[in-house]
Every structure is written in structure tokens, then in C-alpha cells.
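Notes for the one structure printed next.
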Amino acid sequence: MPKEIPTRYDHTKEPDIYARWEAGGAFVPSGKGEPYSIVIPPPNVTGDLHLGHALTYGIQDTIARHQRRLGKDVLVLPGMDHAAIAVQALVEKKIQKEKGLSRSQIGREKFLEEVWVWIKHYMPRMETSLKRFGLSADWSRFRFTMDEHSKLAVRTAFVRLYEKGLIYKSEFIINWDPKMQTTISDDEIEYIEEATSFYTFKFGPFEISTARPETKFGDKYIVMHPRDKRYAKYKEGDTFECEWINGKITATIIKDEAVDPEFGTGVMTITPWHDKTDFEIATRHKLDKIQVIDQFGKLLPIAGEFAGRKIDEARKDIAQKLKDKGLLVKVDESYRHRVAVSYRGGGKIEPQILPQWFMKATAVKEAAIKAVKSGEIKFTPKNLEKLYFHWLKNLHDWCISRQLWWGHEIPVWYCVGTDKGRCLPECREPIVSIEPPKSCPHCGSRDLEQDPDVLDTWFSSGLWPFSTLGWPNEEAPDLKRYFPTSFLETAPEIIFFWVARMIMLSEALTGQVPFRHVYFHGFVLDAKGEKMSKSKGNVMDPMVMIDKYGSDALRMSLLGGNSPGTPQRYSEQKIIKYRNFATKVWNASRYVAEATANQLSAVSNQPKNAAFESQDENSERSADSRKPKAESWVLPSILDHTEEKFFEKLAKLEAKNEKNFTDLKLSVALEELYEFFWHDFADQFLEYEKTVIRESDNKVRAKQAKSCLLVALKRQLTILSDFAPFLVESINKEMLS
RNA sequence: GGAUCCUUAGCUCAGCUGGUUAGAGCGCUACAUUCACACUGUAGAGGUCAGAAGUUCGAAUCUUCUAGGAUCCACCA
């Protein structure tokens, strides 16, 4: 038996294999057969990729390779996301740390240069990672959500939606982050509990409770539930004189069902400018809205002697003043107040009213519900459909503008008109246009200013499945051939941020669904079942694992235990299991290759040190002589009982595998193959044929056994190539071809 | 408060249009060892499928309830 083939699969050659594939154009769509397209979820350019990325791209690539193997015209389109707020926050942190400068100190233009430095640093690293995951993407079609084409798509989408009346500008209560000086979407907020004093004050004939006396300067409405018997004698609109923080005020009675009669005293005053519920009540009843706190979290002149002070530190003094005036009833010190904070920047949210751009939910949500209800889009697992419907039903308008610098500029201009000084009233209307207007259509002034805000990241992400394929050019060949896309793989946690919005925007702009099938993987937890996060220090770097065990081992370990929608506990042990499997496959192949080579060529007089690991031509040639001859590839027409049984079982495995791919049970498909290869093939069938080969004096019988092994191996490797492409490629190249 | 999901061997998980003795990997025990592979092989121990009730000829699988756990959404003046 020649000793030239090493007993271990050498995974360090995986990058070379990828380079060969790429150079050979293996991932460029063939253009022949039924189209099958996957536009990958673009990873945020926030840094290096994590285990969840390895999982999602592993699943996508396994599916893509399978479809390619079935003869389809497969497109895997790669890309990355500019992640407006996330990247801006990271770059701000970086320049603060490195230069001690804040964003406003450095200025918008310079800041964006810093962002591009960041992007150019991380993008190539991330591309390398995706390649090491084995992602069989066509890199010539690579897209970034901030490239020129994406910008055009975003502007076009904005203008078209505006023209359809689906985008509008309105004063609205928004989540303002005084630290980042920006609005934050509801989805980007998390709540923390804070121990705080909970005060009860006299307010005219009523008692009201609050954790935030500093917001109460403008309160002049007192609200109660319309059916609360205790307050039945008060009528909506009744007014009364009332001593309050800075003197006497006139308060008005309001009745609204938003008040919970069970909570506290059952009455409350409202602060519409700084509280969402209060804003809604005030809007319903057409009440005044008064600003008390400025954008930096400081009190305005309405606060009298407290004006200019930070809200948090003024709170106790304000409470003290109310106490001195005899208005304090009691203080509950055990109260835990829920505080909203931005999970990106970490600032405490202070709601404010600001003009913002919105996208209407109502007009598109019916189409989005129908797309899934009708089965035009399928979800795996199916139960997430319920979640999706539930969310859409309660959907409110989406605030799409952000007071950030990094992101898509809003294609809206305003006439400033200082050059001619003859602006008309109409000049105040926004000019919404795909290309920058040269002059104001009303007064002709060339002095125009673009809206300083940028768009929420998810707006451009929502266009991703079609903007990448050439939209808004309806005639783009990729758009015509590959849209709607076939398959979307993502995490269940972004079903609303992203999946639902892609469906809505796609329906609104293209009139089609963006994809046919959505597969949600389960997210990866650590061995203790906790979420992996940088702050906990329990993250596992996929690149380190690939260096240690190989890309295929990592992929199989991630796919192996992952059921859609169900969280998966993960540890290095699982990678070791599949690394061992790779070694097993390697060695079984090694035996088969050598046995079949020996049968037909009496070579093996090669020098013992023939360096098969080196790439020189000698080793290539001697390797060739060892490879099986063509006739060994055909399954013999005569089989004995054991062989017949084995091939029946193999055929069953192949059928089950195909079914599992159809049902998207990748984990089951892989585990069945693992079982079959290791135990049915290597432990039993291979051992059986080995004995036949050794003990049979009939050359024809031995040859039959060898052919059986070769055919069986080849068929299993074909299935395995979806899951372990590098391993199978190495085996094919070094032993079989 | 609303919703979704989970609970199967020591650990991680399969198994679910209900049907022979409930499976795998890791771990554990004993044995084997030049013959593809110790990142190995052979043999084995280990489970009243969270608990209770119901439907059924038959339930890990379907229904209801109970207990424990996870996640998402809303609200908390």
C-alpha cells in the first residue's frame, strides 16, 4: 500500500481550492436551466463576522450547491450593508478614542472620510471570511448598500413612494437620543429598569403620581377613564384653577380610555411633547403640546428658575419645591421605573416632537399579508407566519428619517432663496427629486439645501433583493431572469425589521414578492444556552475555528444540530465531531482509491519520499498513475447479496436526501449521511469488500468488489459535496478525478 | 397584558400526516490494535419521552390542564 497520501485531510489548502474555483468561473451562473437565485443578506460592515454568519452563509451555500448539482442556473449574489447607525456609532467611538474628538468637532465631511477608512478596512476582511466559509458567490456581481447603484435605487424608491402618497412628512413624537443627537426607531430601543422615587402630588382636587416631576411644567390637562365612577362628576372640558410648580394654572378635564383606572389614583396629567401615550391622547383630543425639554436634555424657559438645568439632576430640587409648596402627598422609594435606552449608542431616550419622514403602513400591509397567506411566499418554520401576521396587523407608520451623517441622503431639497430674495410661499414645499434640482421650480432660485437627514438603514435593506439585480432599470437582464429570488435565509429576530419590509417595499415598487421561500435558522447559543455576545465574552470566532478544524467541519457542525427557528447550543466539541468525520471520509476514500488503483496499474514503484503534499509536476504525474481507471466507475452487472442490499440502502439514502432538501431538513440530511457513510459504508460494507478482495483468488470477483466500493464512494461524495465542498474537492483532485 | 416556542439517555439533540424492542453524537464501561483511519474498531451500560387527565385497538407524536424554561410584541402615568 503506498504511503504517499497523508492520513489526514489537510484543511489548510481550502483557500487555494476556493481560489481555483473562482478563477475557473465555477460560481458564475451558467445561464442554462431553471434559474435559482439567492441574494445573500448583506452583513453589516461593523467588523468581523461571527458564528451566526457562518451558519447563515453555510446554509445558503449548501442549498446553492445542491441546486447547482441538480442542473439549475444558480446565482448567489454577495454584498454588504452600510449599517448607518451602527457604523456611525463605532466610528464615533473610534475617533473619540484615537483623536479625542467628537463627531461635531471633526465635521460632517471629515467624519464621512473616517467612515470610509473604516469600511475599506473591514470590507476586504469580511470578503475573505465569506470566501473561507466557502460561499459559492459570483463576486463579479458584488454590491454594497452605499454604492452608486444602490443610491440611485434608494432615491428612486423614495421619490416613487412619495408620488404614490406612501411617504409623507409630519410632526411626530419620536424617540430622541440626546447623546447621539438623533432619532431612534422603536426597534432600536431596549428598556432597562431603574430604581427611582415615585412621587404623588396634589393637582387641584386630584392626586397624580409620577416618577418624572421635571417633565410636569407644561401639564395642564388631567385625564381619567370615561367610565371611572370615582370621577363621574367631572365632565370633559371642565376647567379648574390649580396651584402648580411655578404658580397658578388653569387645568382642563379630559376623558380617555388610555388611562388605566386600576393604576395609581386613576388620573394623570399629560406631557404630550415628551411622552408617546400622552402625545396620542393629545392628538385625539386636539390639545396643546408644549415643549419642556430641549434636544440636549435640558429644561427650557418654561421651567422658570430651573431653565437650562439637566433633567436628571434637577428632578430632586423640583420635587423639593413641590414639597415646600405643600403639594407632595407621598414618595414611594421602592419604585422601579422603566427607562428606554438606545442599544446602539446607549443614551437615555427623551421623546420629542420633530418633523420626520414617514412611510405609511396601511397601504402596503394588506399586500404583505396576502403574499404569505396565499402561499406565494413560504416560511420555514411555518409557525413564524403567525408572528408575521400578528406584527403586520399592529403595524404603525414607519419613521424613516434619521439625524445621522452616515447613510443614504434623503432626495429632498428646500429652497433657501437667499440669492434673489424673492421667495414665494410655495417655496417652502419640499422639492422631491431623483436627481438634484438645479433651481427652485417656484422662484427660480439656485440656492437650494438638501434635507440634512439620512434614511434608516432598513430602507435601503428593504430594496436589497431587487436593487441588487438592477432595479430601477426594469429591463436589467438579472432582474428579468432572477427576480423574484428563490430563497432567503436569515435570523428570526429580523423578521420584522427586514423580511416584512422587503415584502412591503417589493410589493409597493415592483408589484411582486421579493422571494419565494424564507428560511429562518435558529440562533446559536453558547454551551450554557446563553446568547453569545462580546460583552459576555463568550463569543467564538469562526475564523479561529476554521484555522483549527477547517471550513467544512465548521459548516457541518453548525448545520448538524440546527432546526429552523429553534435555538441551538453550540460548543467546540461539535466541530471536533465533524472534523473527525472529515478524517473518516478522507481515509475511507484513501483506501478505495488505492485499492482500485492497484487493481489496474502495477505501479507503486515510486520513490518513498515522493512529495504528494508538494505541488510539483512529478507528484502530479505519479498521483495520476494511482488513480482509478475509467472502467472501475461502472457498477458491475453482477452483485452478490450483500452488495445488492447495500446499494438498495444507498439508493434509499439518496432519495431521502433529496426529500430532505425539498423539505429543507438540512440537519436531518446531513446526519443521515454521516450515519450511513460511517457505519453502513465504512464499518460494514468496506470491511466486507476488503475481505472479499483479500480472500478471493478470483480476479474478476475482486475487481467487482473494488468497482462496488468506488461507485458507492463516488455517490456518497456527491451528496457530501453540498455540505463539505472543500473536502470532496480535495479527495476528487488528489485521489480520484 | 398579548403572542410563539421548548421540556426525550449524564450532556447536546433527532424522531411529530399516531403503528414492530424510542435513535444519534459526545461522555461512560470492557475489550481489540502492524493489514484506510486512534481524529480507530467491536461489544455494552444508560430513557415509566416534564407531570396529570382525555381521544384511540394503539400516544414521545393529537386534545386539555398543571409545573418549569426561552423568545418576541404592547403597556406601566
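So you know, we letter chains A, B, ... as the sequences are listed, proteins then strands, and number each from 1.
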Notebook entry, point to check: Does B/rU12 have OP1 or OP2 sitting under 4.0 Å from an N or O in the side chain of A/R569?
Noted result: yes

Notebook entry, point to check: Just by distance, do the side chain of A/W586 and the backbone of A/P6 share a donor-acceptor pair under 3.5 Å?
Noted result: yes

Margin query: Does A/D683 reach a base, just sugar-phosphate, or nothing at all? Heavy atoms under 4.0 Å.
Written below: sugar-phosphate

Next item on the list: Rounded to the nearest angstrom, tell me the gap between atom CG in A/L387 and atom P in B/rC5.
Entry: 9 Å

Check: Pick the nucleotide of RNA chain B nearest each of A/K216 and A/E675; which residue has the one closer to the 5' end?
Finding: A/E675

Next item on the list: Determine the interatomic distance between P on B/rA45 and the same-named atom on B/rC37; round to the nearest Å.
Entry: 30 Å

Check: Using the P atom in both, what is the distance from B/rC65 to B/rG47, to the nearest Å?
Finding: 32 Å

Margin query: Taking any heavy-atom pair under 4.0 Å as a contact, classify A/R8: base, sugar-phosphate, or nothing.
Written below: base

Checklist line | Heavy-atom donor-acceptor pair, A/D552 side chain to A/L727 backbone, under 3.5 Å | finding: yes

Next item on the list: Classify the nucleic acid contact of A/F198 as base, sugar-phosphate or nothing, counting any heavy atom under 4.0 Å across all strands shown.
Entry: sugar-phosphate

Notebook entry, point to check: Nearest to the side chain of A/W678, which nucleotide is it out of B/rG41, B/rA14, B/rC75?
Noted result: B/rG41

Item checked: Span that lies between the C1' atom of B/rC73 and that of B/rG58, in whole angstrom -> 42 Å

Note to self: Looking only at the side chain of A/F496 (C-beta and beyond, no hydrogens), which of the listed nucleotides B/rC39, B/rC72, B/rC75 gets closest?
What the structure shows: B/rC72

Note to self: With rounding to the nearest 0.5 angstrom, report the CD1 to NE2 distance, A/I173 to A/H274.
What the structure shows: 8.0 Å

Next item on the list: Tell me which nucleotide among B/rA77, B/rA14, B/rC39 gets nearest to the side chain of A/T210.
Entry: B/rA77

Note to self: Quick check for you: among B/rU40, B/rG25, B/rC16, whose closest atom lies nearest to any side-chain atom of A/K577?
What the structure shows: B/rG25

Next item on the list: State whether a side-chain donor-acceptor pair under 3.5 Å links A/Y9 with A/E14.
Entry: yes

Note to self: Set out, in order, the CA-CA distance, both residues' side-chain angles and the distance that settles ring-ring contact (aromatic ring centres under 6.0 Å, His included) for A/F520 and A/F379, then state yes or no.
What the structure shows: CA-CA 8 Å; A/F520 297 96; A/F379 282 8; 5.4 Å; yes

Next item on the list: Taking atom C1' in both B/rU66 and B/rG27, compute the distance separating them and give it to the nearest angstrom.
Entry: 34 Å

Check: What integer distance in Å separates A/E493:CD from B/rU4:P?
Finding: 20 Å

Notebook entry, point to check: Could A/R715 and A/E654 be called an ion pair, given the rule that one side-chain N must be under 4.0 Å from one carboxylate O?
Noted result: yes

Notebook entry, point to check: Rounded to whole angstrom units, what separation is found between the CG atom of A/L384 and the C1' atom of B/rA70?
Noted result: 14 Å

Check: Which whole-number value in Å describes the distance from A/Y570 OH to B/rC11 C1'?
Finding: 16 Å

Notebook entry, point to check: Between A/N732 and A/K714, does any side-chain donor sit less than 3.5 Å from a side-chain acceptor?
Noted result: yes

Next item on the list: Could you list the residues that satisfy ring-ring contact (aromatic ring centres under 6.0 Å, His included) with A/W273, not counting sequence neighbours?
Entry: none

Check: Does any donor-acceptor pair link the side chain of A/E687 with the base of B/rA36 at a separation under 3.5 Å?
Finding: yes

Check: What nucleotide, of B/rU40, B/rA36, B/rA14, holds the atom closest to the side chain of A/R590?
Finding: B/rA36

Notebook entry, point to check: What nucleic acid atoms does A/A582 come within less than 4.0 Å of, heavy atoms only: base, sugar-phosphate, or nothing?
Noted result: nothing

Check: Between A/T56 and A/E489, is any side-chain donor less than 3.5 angstrom from a side-chain acceptor?
Finding: yes

Margin query: For a quick check of understanding: with a heavy-atom distance under 4.0 Å over all strands, which category does A/S667 fall into, base, sugar-phosphate or nothing?
Written below: nothing

Notebook entry, point to check: Do the side-chain N or O atoms of A/H274 get closer than 4.0 angstrom to the phosphate oxygens (OP1, OP2) of B/rA77?
Noted result: no

Note to self: With rounding to the nearest 0.5 angstrom, report the CD to NZ distance, A/E729 to A/K13.
What the structure shows: 12.5 Å

Notebook entry, point to check: Once you round it to whole Å, what is the distance between C1' of B/rA14 and NZ of A/K574?
Noted result: 11 Å

Notebook entry, point to check: Contact class for A/I270 (heavy atom, under 4.0 Å): base, sugar-phosphate, or nothing?
Noted result: nothing

Check: OP1 or OP2 of B/rC39 less than 4.0 angstrom from a side-chain nitrogen or oxygen of A/K584, does that happen here?
Finding: no

Notebook entry, point to check: What integer distance in Å separates A/Q573:CD from B/rC28:P?
Noted result: 10 Å

Next item on the list: Taking atom C1' in both B/rC39 and B/rU4, compute the distance separating them and give it to the nearest angstrom.
Entry: 41 Å

Item checked: Upstream residue (5' side of RNA chain B) when A/K690 and A/V259 are each assigned their closest nucleotide -> A/K690

Notebook entry, point to check: Rounding to a whole Å, what distance do you find between A/F677:CZ and B/rA36:C1'?
Noted result: 11 Å

Notebook entry, point to check: With a 4.0 Å cut-off on heavy atoms, is A/H11 in touch with a base, just the backbone sugar-phosphate, or nothing at all?
Noted result: nothing

Check: Between B/rG25 atom P and A/Y578 atom OH, what is the distance in whole Å?
Finding: 10 Å

Notebook entry, point to check: If the C1' atom of B/rC16 is compared with that of B/rC49, how far apart are they to the nearest Å?
Noted result: 12 Å

Item checked: Separation between the C1' atoms of B/rU8 and B/rU40, rounded to whole Å -> 30 Å

Checklist line | Watson-Crick and G-U pairing of RNA chain B written in dot-bracket, each distance under 3.5 angstrom, with | for inter-strand partners | finding: ((((((((.[[[[.)...(...]]]].(((((.......))))).....[[[[[..)....]]]]])))))))....

Notebook entry, point to check: In whole Å, what separates the C1' atom of B/rC72 from that of B/rA59?
Noted result: 31 Å

